[in-house]
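Quick notes on the structure that follows.
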Amino acid sequence: MENKLTIYNTLSRRKEKFEPINPPFVGMYVCGPTVYGDAHLGHARPAITFDILFRYLKYIGFKVRYVRNITDVGHLVNDADEGEDKIAKKAKLDQVEPMEIVQKYTNSYHRNMEQLNTLKPSIEPHASAHIIEQAEMVKKIISNGYAYEVNGSVYFDVAEYSKTNNYGKLSGRVLDDLQTNTRELDGQSEKKNLFDFALWKKAMPEHIMRWNSEWSDGFPGWHLECSVMSTKYLGDKFDIHGGGLDLQFPHHECEIAQSKAALGEDSVKYWMHNNLITIDGQKMSKSLGNFITLDEMFSGNHKLLEQAYSPMVVRFFMLQAHYRSTLDFSNKALQASQKGYERLTDALNTLEKLIPRTESTVNVNQFKDKLFSALDDDLNTPILIAHLFDGVKMINSIYAGTETISTDDLTYMKNLYKDIVFDILGLKHETSDFGNNEILTDVMDLLLNIRTEAKQHKDFKTSDKIRDKLNEIGITVKDTKDGSEWEIK
RNA sequence: GGUCACGUAGCCAAGUGGUCAGGCAGCGGUCUGCAAAACCGUCCACAGCGGUUCGAAUCCGCUCGUGACCUCCA
């Protein structure tokens, strides 16, 4: 299939035609979770955004290597216990090993991602498993003259780097402004400049996670792992680097500087950033304490939630907004998505029941073009879904007899919907386990036959009782021209 | 304070110089024993004030409001 994909590159601040460095291969790196707590809605956004990209690139025919890291080397926190290691701190509270915390939350993250039907990355490297490589990159940066050691810690020399490079080109920051706007942090006095950042940090006594190195017993700096692991698995130059907008500065800016300082050239061709989830207009985040975990979403067990929302509803909800827009959470919005999603999946079932005619009154080719041009336009899933709903109308009209479809077109439509809805958007039917239960099916057939007979005898008291009671149990009965249908809600 | 976004109908959310977004909710109708679903029709917009233009929600300026980054964060 022809590649007409354009994506928005944060570096150029415009949409660019996507042309891989070494077609048909595509290297894609996405910043993954820091595993010290349950995954929340915010984690779902980049996972789903780049899952769509991964799926679509493969669909177009590229051979994609998708690398998403697990950050399991603690980063510094800036609260009452300033300077402590995030993961180490939680571990002490729980009286367990840091790696036990890491394992626990890695597992739950994987479980949640599977529920959301995201494909597994090709490689999922752990920062803690790449300490040697990180130390090597530090050495390289020092020997290239862009870093200096002070008291067992190594800092990146931003001023030196800026002499020949544009530090701030990704985030649009100006070094002079940073000079006056950078806050006082632990270890600040050791740095030549406030805006320098750590490549290696000497561990304080309370640090549990630490590794020996030629500089000190310590741990790698905040941004180093991504520079190291992306280039290790994708090469010094690779195609796509993704992550949340909140990582743009300083994390990704520092990554660019480190990689260039170590390797002599820019590593990333396309930088992509997904926007954030807001709740009542405010960012949903750990530090603000206003986050809803994915487990809470799926169970409905949270004070802000009026009901549970299934993983596919959450996925569909996110796809109804463009990935570069903020998406405001509310029960009303989720419920609207749930109904819309049900309407879409109902139409997919209807599609299977359509009876072809000799002629089509609908134009499936034109319809297909609309769908793919939406995707090609920087993954515009909201437009894509809007078109899918136009298709729903089409399907329903055919079912109702006001439009007709030929055999070839019907086959084409079925394949098109399968490709778009399941393969690219990554949605799936969420039928409960009883959906395919033969005994249940037989029992339902029996019940509905009794109901039909009751209706024929105008015994509506009985027929309504069957329908109402089934509804209470959670089974919806619909009467159609050809008889009764049922489904588990 | 510095930098950057955004402000679209009851809610969510696209679009972007002239012709339809879409979903949910609402209203009217068809269908039905009644519902549900479906179908048809319909209502409700582009924060405010100026400017450019034959024409602006869309471009420019100002004002107001909201948010993000500058500190770990998806």
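From a predicted model like this one, the values you see are computed outputs, not experimental measurements. Proteins get letters first, then strands, A, B, ... in listed order; numbering begins at 1 in each.
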Heavy-atom nearest nucleotide on RNA chain B for A/Asn275 versus A/Thr326: which residue maps closer to 5'? A/Thr326

With rounding to whole Å, what would you report as the distance between B/A21 and B/G29 at their C1' atoms? 25 Å

Which one, B/A13, B/C69, B/C34, comes nearest to the side chain of A/Ala321? B/A13

Pairwise C1' distance for B/G61 and B/G15, with rounding to whole Å: 24 Å

When you check the side-chain N and O atoms of A/Glu255 and A/His241, is any donor under 3.5 Å from an acceptor? yes

Can you confirm whether or not the ring centre of A/Tyr155 sits under 6.0 Å from the ring centre of A/Phe197? no

May I ask you to decide whether A/Arg68 forms a salt bridge with A/Glu124, counting only side-chain N to carboxylate O separations under 4.0 Å? yes

Using the test side-chain contact (heavy atoms from CB on, under 4.5 Å), find all partners of A/Leu334 that sit at least two apart in sequence or belong to another chain. A/Met297, A/Tyr309, A/Val313, A/Phe317, A/Phe329

Watson-Crick or G-U stems involving RNA chain B, each at least 3 pairs long, distances under 3.5 Å, ordered by first number: B:1-7 with B:64-70, B:10-12 with B:22-24, B:26-30 with B:38-42, B:47-51 with B:59-63

Within the stacking criterion (centroid distance below 5.5 Å, interplanar angle below 30°), does A/Tyr399 stack on B/A38? no

B/S/- along nucleotides 16-28 of chain B (protein heavy atoms under 4.0 Å) is -----BSBSS---

Could you check whether the side chain of A/Arg467 and the base of B/A35 have a donor-acceptor pair of N or O atoms closer than 3.5 Å, going by distance alone? yes

Under a 4.0 Å threshold between the charged nitrogen and the carboxylate oxygen, would A/Glu253 count as salt-bridged to A/Lys169? no

